[in-house]
Structures are given as C-alpha cells and as structure tokens.
Protein chains: 2
Amino acid sequence: MGKQMTEMLKGTLEGIVLALLTGNPAYGYEITTLLRGQGFTEIAEGTVYALLVRIEQKGLVDVEKRPSEKGPPRKVYSLNEQGKKELDEFWNTWSFLSERLEHLRKEGK
Amino acid sequence: MGKQMTEMLKGTLEGIVLALLTGNPAYGYEITTLLRGQGFTEIAEGTVYALLVRIEQKGLVDVEKRPSEKGPPRKVYSLNEQGKKELDEFWNTWSFLSERLEHLRKEGK
DNA sequence: TACTAGTACATAGTAGCGCTAAGTAGTGGA
DNA sequence: TCCACTACTTAGCGCTACTATGTACTAGTA
C-alpha cells in the first residue's frame, strides 16, 4: 500500500467499515473482500480484524457467531445505535475536511 | 481536537500544508494562523512545527531564514519541485479516497 | 525596573491506527 | 498427502498528531 494512502486511511477506514455495515451485517473475511472490491485492493487482512475488535470494544457493533460451510465459524457484525451515531459524526468530520480540501484544491493554493 | 478529526488529519495535514505553500511561501507561525483561519481552530502549534521539520527532511520544501520585526527569526518555507510532485500524488490519493467515500455515502451503505 | 502579552521556533514523550508477519483452524479438491 | 481457500487472531513496528514544556525576542505598561 502506498505510504500516503496508509496514513490517509487512519481515521477513515473505520468510517468506511461502519458505512459498509449500514443495513448490511457482515463478517470479517467478507468485509475484507468487499473493501478489495471497492478498490482498496491492498488492505491487509489483519488490519480489518484489528479494526473489528476495536469497534466491538467501543460498543459500536453487535456480534453474532454463525457456522460456516467452509472454514471456522464467522463473526457477523451489525451496526447498533451507538454505531450509527458514530457514523453520523464520522460523516460530519469527513464533510468538514472534504470541504476544506476541495476549497484548497480550487484555490490552487 | 476531536479524536476522529485527529486520526483523520493523519496523512491529510501534510497535504493541506503543501497546498497552502503552493505559490505562497510561509513560515511556521503564519501557517498555524492560516490553518486556524481555515477552520482548523484546534491545530496544535507543535504539530505544525514537527510537520515542517518532516517535510524539510524529506526535501519537499526550501527554507530561508528571515529576521522578524517582533520576535525570533522566521523560517520561511517554499514548495520546491519535489514538493509539487508530492502534492500531485497527494491529490491523486485524496481523489481516490474521496470518490470511494462519496459513493459509500450515496449508497447509504 | 518588572511583568505581561504576543511573536516565533523546538522537542521529548504519549496515544492511536494501519501494516507486517506469523500463527491457528476448518473444508474440499488434486 | 499437499495445497488452496475460507476465517479469525495477535505481537510488534512505523508513522503522525497531540500534550506539555521550554527558549528567545519585542513592545507595552504598571
């Protein structure tokens, strides 16, 4: 992964995952696949699992264990109320930053 | 500073400063003031100086010392060729991330 | 003179996050 | 038996923003 991208993902990857989970419960391996499909081709698997541990500990998601046809049981994550609030705040923070940057880009300065 | 914003600034703050410097040499204290004027009201002074040290060591800026009417001499930073290249890459990385996120936001997922 | 506020830069230590690397565990096919 | 794929876990590292504190110079003021 490019170094710039790695740094830029800090803080945004969590929001991206929360957004992916909106109305769409998913498990770790699946989320990694989704991300790669969205163009984040070099996302490290370990990164996703560590992030999931974090958002679970922060109480942003509910977790349910389900058997898999092939492989170990899946841990299915779904966004709860607190997670939705966090996602709202994320979009606010993102919007602010995004607007500032678009402004800077247009200024050419 | 909100924790979300702190994390999200990682990787973007450097780009913001490089963008501010485009065609517009400036010194640390001035950059801090500029950032605060742009809405980044809680940017820590130390953060900016540390960042400037970093981009100087990476060779992205040229530095010139100029006396100040009030206070210690200023270190004026101006973007050089390598800095412009880095800024271009920054905008590419930013564009990719920004598009992915806007897409996610519209999907409502 | 002594004190304060503003200007201007520097830096040691801390927290948080994504990455690397390595591991465990289960299924099915060559 | 070996490999590939699925699925999750975790210790250690590098990078960046923050906290806190310090230095240094000027000007105003009590």
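Worth saying up front: this structure is predicted, and the values here are computed from it rather than measured.
As a whole-Å value, the separation of B/Tyr27 OH from C/dC9 P is 7 Å. In this entry the distance linking CD of B/Glu69 with P of C/dA8 reads 7 Å, nearest Å. Look at CD on A/Glu45: it is 15 Å from P on C/dG23, rounded to the nearest Å. Rounded to whole Å, the distance from CD1 on A/Ile43 to P on D/dC8 is 16 Å. Taking atom CZ of residue B/Arg54 and atom C1' of nucleotide D/dC15, one finds them 8 Å apart after rounding to whole Å. Between the CG atom of B/Leu51 and the P atom of C/dA8 there is a distance of 19 Å, given to the nearest Å. To the nearest angstrom, P of D/dT6 lies 3 Å from OH of A/Tyr29. Distance A/Glu7 CD to C/dC17 C1': 9 Å, rounded to the nearest Å.
Comparing B/Val76 and A/Gly71 by the nucleotide of DNA chain C whose heavy atom lies nearest to each, the residue mapping closer to the 5' end is B/Val76. Along DNA chain C, the nucleotide closest to B/Tyr77 and the one closest to A/Ala50 are compared, and the more 5′ of them pairs with B/Tyr77. Toward the 5' end of DNA chain D, the nearer of the two residues A/Lys10 and A/Gly28, judged by each one's closest nucleotide, is A/Gly28. If you find the closest nucleotide of DNA chain D to A/Ser68 and to B/Thr47, the one lying nearer the 5' end belongs to A/Ser68.
For B/Thr32 (side chain) and B/Gly28 (main-chain N/O), a donor-acceptor pair under 3.5 Å exists by modelled atom type.
Residue-to-nucleotide contacts include no donor-acceptor pair under 3.5 Å from the side chain of A/Lys70 to the base of C/dT27.
In this structure, the nucleotide among D/dT19, D/dC8, C/dT20 sitting nearest to the side chain of B/Ala44 is D/dT19. The side chain of B/Tyr49 lies closest to C/dC9 when the candidates are C/dC9, C/dG18, D/dA17. Among C/dG18, C/dA25, C/dA8, the nucleotide with an atom closest to any side-chain atom of A/Pro72 is C/dA25.
B/Lys75 has a side-chain polar atom (N or O) that falls below the 4.0 Å cut-off from OP1 or OP2 of C/dA10.
Residue-level contact check: A/Glu30 touches neither bases nor backbone, having no heavy atom under 4.0 Å from any strand. B/Leu52 comes within contact range of no nucleotide atom at all, as no heavy-atom separation falls under 4.0 Å.
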- [ ] Tell me, with the steps shown, if B/Tyr29 and B/Tyr49 meet ring-ring contact (aromatic ring centres under 6.0 Å, His included).
- [x] CA-CA 8 Å; B/Tyr29 192 80; B/Tyr49 287 111; 7.9 Å; no

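Each of B/Ile55, B/Val48, B/Val53, B/Thr47 was checked for a side chain to side chain contact (heavy atoms under 4.5 Å, CB included) with B/Leu51, and the lone residue meeting it is B/Ile55.
Using a 4.5 Å heavy-atom cutoff, the side chains of B/Trp94 and B/Glu99 are not in contact.
Between B/Lys75 and B/Glu56, at least one side-chain nitrogen of the basic residue sits less than 4.0 Å from a carboxylate oxygen of the acidic one, meeting the salt-bridge criterion.
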